[in-house]
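Inspection log for the structure reproduced underneath, given as structure tokens.
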Amino acid sequence: MTKLLVPIHGNPDRWRAALAQATEIHRRENASVHLLSVQPKVSGHVAMFFGRGELHQIQQAAGLEDLEPAQALLRTAGVPFTSSVMVGRSADTIARAAREFGCQRVIMGGDGEARRGVFGSVATQVRQILGGGNDCQVIGS
């Protein structure tokens with residue numbers, strides 16, 4: 001079975017487009033869909049102001065809140081899904097999740113022109129991290 005990873009980040013119009021594409025692929029190929037929220041890792045200086053486990057709970061709660069609208073859209077469309085929240089740098093964490101979950105495709109709605117900057121879009125960075133192999137295709141800009 002094909003496994004799709006859909007990171008929920010950035011502009012809602014972009015991740016909604018990614019969800020529409022994932023829904024279409026699910027219906028065509030009976031693919032499984034996994035939603036991912038990546039929460040930023042904070043510096044040690046910030047972390048020292050939180051109790052043990054408190055920062056983790058805050059990051060998980062923020063990630064679950066980010067996932068709620070995407071989960072609602074998939075429920076309405078009748079698409080089964082799983083979801084998770086991970087902490088780290090966006091591109092690295094998305095690539096790690098794709099490997100850990102055994103995903104064949106990562107569907108990203110894109111970052112838009114303003115976010116590309118010097119290092120390229122998140123999708124471009126994920127492609128570079130995953131390498132040129134055919135194991136996992138990154139769809140989006």
Side-chain angles (χ1 to χ4, degrees), residues 1-47 49-141:
M1 174 185 279
T2 301
K3 294 181 182 179
L4 310 175
L5 178 66
V6 183
I8 304 301
H9 72 285
N11 183 324
D13 291 336
R14 296 189 192 288
W15 58 254
R16 282 188 193 107
L19 286 175
Q21 194 168 14
T23 299
E24 182 180 316
I25 294 168
H26 164 75
R27 290 193 173 126
R28 191 175 59 235
E29 302 176 24
N30 195 30
S32 66
V33 177
H34 187 88
L35 302 176
L36 175 67
S37 171
V38 178
Q39 296 300 303
K41 187 173 182 177
V42 298
S43 72
H45 297 291
V46 172
F49 291 101
F50 294 92
R52 187 180 190 108
E54 183 181 11
L55 184 57
H56 176 76
Q57 289 176 336
I58 291 169
Q59 290 167 317
Q60 291 296 307
L64 293 173
E65 186 176 318
D66 289 347
L67 290 169
E68 285 175 2
Q71 292 171 333
L73 285 172
L74 290 179
R75 277 189 203 100
T76 300
V79 176
F81 62 89
T82 56
S83 57
S84 60
V85 176
M86 298 175 89
V87 176
R89 190 177 155 276
S90 293
D92 291 333
T93 306
I94 292 166
R96 179 170 47 96
R99 287 183 184 126
E100 284 180 14
F101 302 134
C103 297
Q104 287 77 34
R105 295 183 204 153
V106 178
I107 304 177
M108 304 184 68
D111 299 318
E113 294 300 320
R115 295 274 324 255
R116 291 183 189 206
V118 175
F119 301 108
S121 69
V122 174
T124 299
Q125 293 174 44
V126 172
R127 275 188 202 92
Q128 291 172 343
I129 294 165
L130 289 172
N134 294 328
D135 295 344
C136 187
Q137 177 186 19
V138 179
I139 302 169
S141 60

Minimum heavy-atom separation for [X] to [Y], with atom names?
X: Val6; Y: Ala18; value: CG1-CB, 4.0 Å
X: Ile129; Y: Arg99; value: O-NH2, 2.8 Å
X: Leu67; Y: Ser84; value: CD1-O, 3.7 Å
X: His26; Y: Ala31; value: ND1-O, 2.7 Å
X: Leu4; Y: Cys103; value: C-SG, 4.2 Å
X: Ser32; Y: Lys3; value: OG-CG, 3.4 Å

I need the [X] [atom1] to [Y] [atom2] distance, nearest 0.5 Å.
X: Arg28; Y: Ile25; atom1: CZ; atom2: CD1; result: 5.5 Å
X: Leu55; Y: Gln60; atom1: CG; atom2: CD; result: 10.5 Å
X: Leu35; Y: Leu5; atom1: CG; atom2: CG; result: 8.5 Å

Open item on the list: Please determine whether side-chain contact (heavy atoms from CB on, under 4.5 Å) holds for the pair Leu74 and Thr23, giving the CA-CA distance in whole Å, both sets of side-chain angles, and the decisive distance to 0.1 Å.
Closed with: CA-CA 8 Å; Leu74 290 179; Thr23 299; 3.7 Å; yes
TODO: Check for a donor-acceptor pair, side chain of Gln125 on one end and backbone N or O of Asp92 on the other, with a separation under 3.5 Å.
DONE: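 Not at all, since once roles are kept as given, no pair shorter than 3.5 Å links the two residues.
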TODO: Answer yes or no: is there a donor N or O on one side and an acceptor on the other, between the side chain of Gln137 and the main chain of Arg105, under 3.5 Å?
DONE: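 Flag not set: sc Gln137 to bb Arg105 has no pair under 3.5 Å.
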Do [X] and [Y] have side chains that approach each other closer than 4.5 Å (heavy atoms only, starting at C-beta)?
X: Val138; Y: Ile94; value: no
X: Asp66; Y: Trp15; value: no
X: Val38; Y: Pro7; value: no
X: Gln59; Y: Val85; value: no
X: His9; Y: Met108; value: yes
X: Leu130; Y: Asp135; value: no
X: Glu100; Y: Met86; value: yes
X: Phe50; Y: His56; value: no

- [ ] Give a yes or no on whether Glu65 atom CD has more than 12 heavy-atom contacts from other residues, nucleotides or ligands under 6.0 Å away.
- [x]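 Result for CD/Glu65: open.
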Open item on the list: Evaluate Val106 against Cys136 for side-chain contact (heavy atoms from CB on, under 4.5 Å), listing each step before the verdict.
Closed with: CA-CA 7 Å; Val106 178; Cys136 187; 3.6 Å; yes
